[in-house]
Amino acid sequence: MRLFNTLTRTEEDFVPADGTTVRMYTCGLTVYARGHIGNFRTFISLDVLRRALRHQEGYAMRHVMNFTDVDDKTINASQQAGMSLRDYTDLYIQAFRDDCATLGLEPVEENPRATDDANLRAMVDMIAQLKTHGHTYESDGSTYFRIATLPDYGKLARLDHEGIQAGVRVDTDTYDKQDARDFVLWKATKAGEPTWDYGCGPGRPGWHIACSAMALRLLGEGPIDIHGGGIDLIFPHHENEIAQAEGATGRQFSRFWVHVEFLHLDHKKMSKSLGNVYNVQDILDRGFKASALRYALISVHYRKQLTFSFEILTQADAALTRLTDFLARIDRVAGGDAHPEIASRVTAAREEFRSKIASDLNVPGGLGVMFELLREMNAAMDQEGGRALGAADADLIREAFEEFDKVLGVVAVRRREEAAPPVPEEEVRALIDERRQARRDRQFGKADDIRAGLEARGVILEDSPTGTRWKRK
RNA sequence: GGCGCCGUCGCCAAGCGGUAAGGCAGAGGUCUGCAAAACCUCCAUCCCCGGUUCGAUUCCGGGCGGCGCCUCCA
């Protein structure tokens with residue numbers, strides 16, 4: 001498939017280095033608070049990438065997504081909560097897992113956390129390698145990376161060394177650096193902070209080293225195939241990851257870099273520090289479905305800014321309802337002949353969908369292909385009293401839409417949401433029977449009351465020549 | 001100041017050199033006791049001005065407007 005590579009700023013053909021297994025690392029959440037839907041835009045987009053590589057392109061996946069469970073924010077927040085860092089971050093790791101499940105993200109192969117023993121050791125080992133190659137210096141017990149020792153530093157973010165102006169901004173970091181452009185690898189312990197000592201002196205890892213070290217520990221030596229995350233991570237985080245991994249090993253770190261654009265709210269990026277955030281639970285509390293949120297977040301290309309609003313959720317929900325109504329209708333098709341022209345139309349749509357997705361993950365384009373097919377198949381079912389589309393055709397159509405959803409992952413979420421009916425099925429059936437009798441007796445007022453009563457309880461009735469159907473609201 | 005992105009129908013959004021996909025909303029119609037669902041019909045020359053070209057929404061230049069990174073951030 002074609003993938004836009006931030007490293008080259010061009011779209012390139014992507015094939016895993018070994019031809020079969022994609023080794024991918026994506027930056028996860030700093031677990032000091034619940035992730036917001038801007039964070040999840042990135043995670044869902046990368047989930048779609050994962051699904052496309054796996055289910056469409058047919059590659060095996062070795063995908064690592066980390067948890068940053070030690071930094072200033074996690075430490076401060078845990079102390080305010082009066083909890084140990086581990087216990088505190090456990091809370092938000094669990095919340096993250098819940099949200100991922102709600103939004104239908106596929107579990108990845110590994111979810112390392114920075115403070116696990118094996119990971120801390122890998123970080124310290126990498127720092128030792130960097131020291132051997134002369135890329136480090138120490139100051140007040142902390143270890144820093146001296147970027148002046150790496151000539152191609154800045155190649156990902158396309159910043160020249162002068163562009164990163166020393167001392168222009170106030171550094172929130174209170175540690176001493178020789179050059180504002182340098183960054184910390186290992187922070188010396190401060191009073192009351194968690195501390196580890198594996199050979200760099202007592203302290204804790206810097207943010208960037210965790211990702212470099214865990215990526216290579218779990219995915220093997222570089223270059224890995226893909227590294228991804230939010231667009232804000234290009235600089236400094238990913239730039240520094242490259243500096244560390246390549247400075248330590250002398251090998252390219254990652255062949256492809258994939259970055260997801262921001263989600264905006266009120267024309268600004270949604271971020272915890274700006275305070276303009278909604279998390280997944282907030283959306284659910286307002287009566288929207290997670291499936292609608294997922295749909296809305298994938299309906300804009302991942303490299304374009306997406307402006308969030310409740311209106312787009314409403315629109316997404318309506319589109320999704322049309323989709324699931326269609327699939328339910330396909331499931332009702334019984335008997336009838338197979339039609340070659342339907343089969344070839346479905347095959348063509350599958351091919352078009354694949355090619356959209358293979359074109360740098362053009363999900364909106366893929367949705368267009370899907371809905372075009374949907375309309376045509378609905379039209380076919382309307383023709384010849386239903387004879388124009390037979391059960392064998394329906395099987396092919398169902399298969400096609402299952403294939404689409406392997407990548408989109410949106411119908412699966414909707415189905416799970418609808419697993420439990422809001423009114424017991426026996427009761428719905430009894431009321432439908434009662435209403436049928438009322439209609440026969442031409443007591444339409446009573447019939448309408450039953451329908452309205454069920455709708456108020458979340459069940460919609462639809463009359464058809466073959467009887468009355470019901471569905472969830 | 002440096003680097004970069006974006007501006008397509010009321011809303012959301014693909015396309016990116018050959019004359020504008022799709023979704024939502026809306027209008028009319030078919031079907032229906034009425035609805036709903038579904039289908040049919042209708043609903044845009046792509047921010048502005050230049051340039052290149054037989055031809056530009058698509059390329060180039062200049063405006064105007066929105067946003068991002070350069071600092072913790074998905």
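Throughout, protein chains are lettered first and strands after them, A, B, ... in sequence-line order, and every chain is numbered starting at 1.
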Visitor: At 4.0 Å (heavy atoms only), tell me whether A:Leu46 reaches a base, stays on the sugar-phosphate, or touches nothing.
Guide: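 No contact.
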
Visitor: Taking the six-membered ring for Trp, are A:Phe401 and A:Phe353 closer than 6.0 Å centroid to centroid?
Guide: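 Here the rings of A:Phe353 and A:Phe401 have centres that are no less than 6.0 Å from each other.
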
Visitor: How is A:Glu462 classified with respect to the nucleic acid when contacts are heavy atoms under 4.0 Å: base, sugar-phosphate, or nothing?
Guide: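 Touches a base.
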
Visitor: On RNA chain B, nearest-nucleotide positions of A:Asn362 versus A:Arg469: which is more 5'?
Guide: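 Result: A:Asn362.
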
Visitor: Are A:Tyr88 and A:Tyr92 an aromatic pair, judged by ring center distance below 6.0 Å?
Guide: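 Ring centroids of A:Tyr92 and A:Tyr88 are less than 6.0 Å from each other.
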
Visitor: Can you figure out which of B:A74, B:A14, B:C70 approaches the side chain of A:Phe235 most closely?
Guide: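 Nearest to the side chain of A:Phe235 among the choices is B:C70.
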
Visitor: Base, sugar-phosphate, or nothing: which does A:Thr30 touch, judged by heavy atoms less than 4.0 Å apart?
Guide: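 Sugar-phosphate, backbone atoms only, no base.
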
Visitor: Looking only at side-chain atoms of A:Lys304, point me to the closest of B:A14, B:C34, B:G22.
Guide: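 So the side chain of A:Lys304 is nearest to B:A14.
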
Visitor: Just to be sure I understand the rule, does A:Arg303 reach a base, reach only the sugar-phosphate, or reach nothing, if contact means heavy atoms closer than 4.0 Å?
Guide: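 No contact at all - A:Arg303 keeps every heavy atom at 4.0 Å or more from the nucleic acid.
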
Visitor: Pick the nucleotide of RNA chain B nearest each of A:Thr42 and A:Ala318; which residue has the one closer to the 5' end?
Guide: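 Looking at RNA chain B, the more 5' nearest nucleotide goes with A:Ala318.
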
Visitor: Are a donor atom and an acceptor atom from the side chains of A:Thr74 and A:Asp71 found within less than 3.5 Å of each other?
Guide: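 Yes.
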
Visitor: Touch check for A:Gly28, heavy atoms < 4.0 angstrom, all strands: base, sugar-phosphate only, or nothing?
Guide: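 Sugar-phosphate, backbone atoms only, no base.
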
Visitor: Under 5.5 Å centre to centre and under 30° between planes: does that hold for A:Phe371 and the six-membered base ring of B:G22?
Guide: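 No; centroid distance or tilt outside limits.
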
Visitor: Base, sugar-phosphate, or nothing: which does A:Val300 touch, judged by heavy atoms less than 4.0 Å apart?
Guide: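 The answer is sugar-phosphate, as A:Val300 gets under 4.0 Å only of primed atoms, P, OP1 or OP2.
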
Visitor: Which part of the nucleic acid does A:His237 contact within heavy-atom distance under 4.0 Å: base, sugar-phosphate only, or nothing?
Guide: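 A:His237: no heavy atom of the nucleic acid under 4.0 Å.
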
Visitor: Counting the benzene-type ring for Trp, do A:Phe310 and A:Phe288 have ring centres under 6.0 Å apart?
Guide: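 Between A:Phe288 and A:Phe310, which both carry aromatic rings, the centre distance is below 6.0 Å.
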
Visitor: Using a cut-off of 4.0 Å on non-hydrogen atoms, how would the nucleic acid contact of A:Arg439 be classed: base, sugar-phosphate, or nothing?
Guide: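 Since a base atom lies under 4.0 Å of A:Arg439, the category is base.
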
Visitor: I want to know whether A:Phe253 and A:His227 have ring centres closer than 6.0 Å.
Guide: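 When the ring centroids of A:Phe253 and A:His227 are compared, they turn out to be within the sub-6.0 Å range.
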
Visitor: Name the nucleic acid region contacted by A:Ile234, choosing base, sugar-phosphate or nothing; use a 4.0 angstrom heavy-atom cut-off, strictly under.
Guide: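 No contact.
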
